[in-house]
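Below you'll find the structure, written out as structure tokens, and then a few comments.
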Amino acid sequence: MKKIIEVSQLGKSYGKKKILDKVSFAIQEGTFTTLIGCNGAGKSTTLRLLAGVESSDEGSIKVSGLDPYMYDFNQRAEVFLIHENLELSVSGTLLEFVKYYREVFPRWRNDVFNKILKDRKISLKKKFTDLSRGQKMQFMLMLAFAANPKMMLLDEITAVIDIEGQKYFLEALREYVNNGGTVVITTNILSELNDYTDHLLLLQERHLMVNEEVKNLQKKFIVLKKTEDHQVFQHPKIAKIRKDYDGTELYLIPREVIDEDTHVLKFKQEYPPRLEDILTLFFHLKQDQYEEELVA
């Protein structure tokens, strides 16, 4: 697979506030990338920069080999950006909306749009302003799939969609990726995307802290089940993640910490950690660092 996104030493500020600092990563074409981070970490800013809606202050961005901020009209049709605070003041019906988009996107597919329309049951006689937040998000996703771009940039889309709709569109996104499309999605609820994500990016304090393929990332950690007390559960690099189906506490620890310790093998679980487990451990370690700095 070739790289569709290449970001190098990216920097962005709003006034005196630094949002991104020396951020670098690459994304392969035909992959599903999840971008996470605390509120204000720069997730939405990163998507806007990738879409060419804004320009960076430092570093470089290449999408399909070009600076997206310099895209011409036709090139912009290759990238579809949807964000959670979407508000469009349009007076016409959804059908008029569709007719406009059909003219803008050269690879528009009526069959795709009509199938999703039938499945999700949204009337084209309605006006966009009359839709609920969840319906607006679903309608924009319908447009995105029908537009058939090379890449979709999706900012917190699942939060306002009902559970059935979430599953429907996530499955559709997985199929889109399997057919060669590229997805970059932000979320604050990582559990929703655990089964779909190929690549994980974590932004924290203006910097990129995690940049790795999920299958490789999961191999770096081991799940332990606390069936009895043991000193390993007091290790500074371990974190309680959740409870198992029988109510027993589960912990996550880096593989490198205990790989040679045969005394803890009886606690080891064979299933891979979930993405939210890894992030729980990561934020636990960062919290410990903050406490040490505060004491110092």
Are any side-chain N or O atoms of [X] and backbone N or O atoms of [Y], one a donor and one an acceptor, separated by less than 3.5 Å?
X      : Y      : value
Gln75  : Asp72  : yes
Glu96  : Thr93  : yes
Thr46  : Gly42  : yes
Glu54  : Leu49  : no
Gln166 : Thr158 : yes
Asp244 : Asp246 : no
Lys22  : Arg206 : no
Ser24  : Gln9   : yes
Arg255 : Lys219 : yes
Arg133 : Val160 : no

Gap separating the [atom1] atom of [X] from the [atom2] atom of [Y], nearest 0.5 angstrom:
X      : Y      : atom1 : atom2 : result
Phe139 : Ile116 : CZ    : CD1   : 11.5 Å
Glu164 : Asp119 : CD    : CG    : 9.5 Å
Met137 : Ile157 : CE    : CD1   : 7.0 Å
Leu154 : Thr33  : CG    : OG1   : 11.5 Å
Glu156 : Thr186 : CD    : OG1   : 4.0 Å
Ile241 : Leu281 : CD1   : CG    : 9.0 Å

Any side-chain heavy atom of [X] sitting closer than 4.5 Å to one from [Y]?
X      : Y      : answer
Glu276 : Glu192 : no
Thr197 : Leu275 : yes
His207 : Asp21  : yes
Thr129 : Lys136 : no
Phe73  : Val104 : yes
Phe221 : Asp277 : no
Lys268 : Leu224 : yes
Arg102 : Asn110 : yes

key: Chi angles and distances behind the ring pair (Phe, Tyr, Trp, His ring centres under 6.0 Å) call for Phe233, Phe267   = CA-CA 10 Å; Phe233 297 104; Phe267 304 116; 5.1 Å; yes

[X] versus [Y], closest heavy-atom pair with distance:
X      : Y      : result
Asp162 : Gln138 : OD2-NE2, 3.9 Å
Pro68  : Val63  : CG-CG2, 3.9 Å
Lys240 : Thr280 : O-CG2, 3.7 Å
Ala77  : Pro149 : O-CB, 3.8 Å
Val177 : Gly30  : CG1-O, 3.3 Å
Val214 : His199 : CG2-N, 3.9 Å

message = Would you say the rings of Phe80 and Phe105 are close, in the sense that their centroids are separated by under 6.0 Å?
response =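 Centroid separation for Phe105 and Phe80: below 6.0 Å.
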
What I want to find out is whether [X] reaches [Y] closely enough, with some N-O distance under 4.0 Å, to be called a salt bridge.
X      : Y      : result
Lys226 : Asp229 : yes
Glu78  : Arg107 : yes
Asp111 : Lys115 : no
Glu58  : Lys18  : yes

Tell me whether [X] at atom [atom1] has more than 12 heavy atoms from other residues, nucleotides or ligands lying less than 6.0 Å away.
X      : atom1 : answer
Lys167 : NZ    : no
Ile163 : CD1   : no
Glu228 : CD    : yes
Tyr69  : OH    : no
Arg109 : CZ    : no

query = How far apart are the C-alpha atoms of His235 and Tyr251, what are their side-chain angles, what is the distance that settles it, and do they pass the side chain to side chain contact (heavy atoms under 4.5 Å, CB included) test?
reply = CA-CA 11 Å; His235 197 284; Tyr251 288 73; over 6 Å; no

task = Evaluate the criterion side chain to side chain contact (heavy atoms under 4.5 Å, CB included) for residue pair Val112 and Asn148; output intermediate values, then yes/no.
result = CA-CA 9 Å; Val112 172; Asn148 195 25; over 6 Å; no

task = Would you please classify the geometry between the Phe97 ring and the Tyr101 ring as parallel, tilted or perpendicular, with 30° and 60° separating the classes?
result =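 If you compare the ring of Tyr101 with that of Phe97, the planes turn out parallel.
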
ask   = What orientation do Phe145 and Phe169 show, parallel under 30°, tilted 30 to 60°, or perpendicular over 60°?
value =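 Phe145 vs Phe169 ring planes: parallel.
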
If hydrophobic clusters are built by linking Ile, Leu, Val, Met, Phe, Trp and Tyr wherever their side-chain heavy atoms come under 4.5 Å apart, do [X] and [Y] end up in the same one?
X      : Y      : result
Leu153 : Leu10  : yes
Ile5   : Leu201 : yes
Ile27  : Val7   : yes
Leu81  : Met142 : no
Val53  : Met152 : no

query = Under the criterion side chain to side chain donor-acceptor pair (under 3.5 Å), which of Asp195, Asp198, Asn179 is the partner of Arg174?
reply =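 Exactly one option meets the side chain to side chain donor-acceptor pair (under 3.5 Å) with Arg174, and it is Asp198.
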
request  = Begin with the C-alpha distance, continue with both residues' side-chain angles, and end with the deciding distance and a verdict on side chain to side chain contact (heavy atoms under 4.5 Å, CB included) for Leu35 and Phe25.
outcome  = CA-CA 11 Å; Leu35 173 61; Phe25 61 88; over 6 Å; no

task = Report the C-alpha distance between Val210 and Ile278 in whole Å, list the side-chain angles of each, state the deciding distance to 0.1 Å, and finish with yes or no for side chain to side chain contact (heavy atoms under 4.5 Å, CB included).
result = CA-CA 11 Å; Val210 175; Ile278 296 172; over 6 Å; no

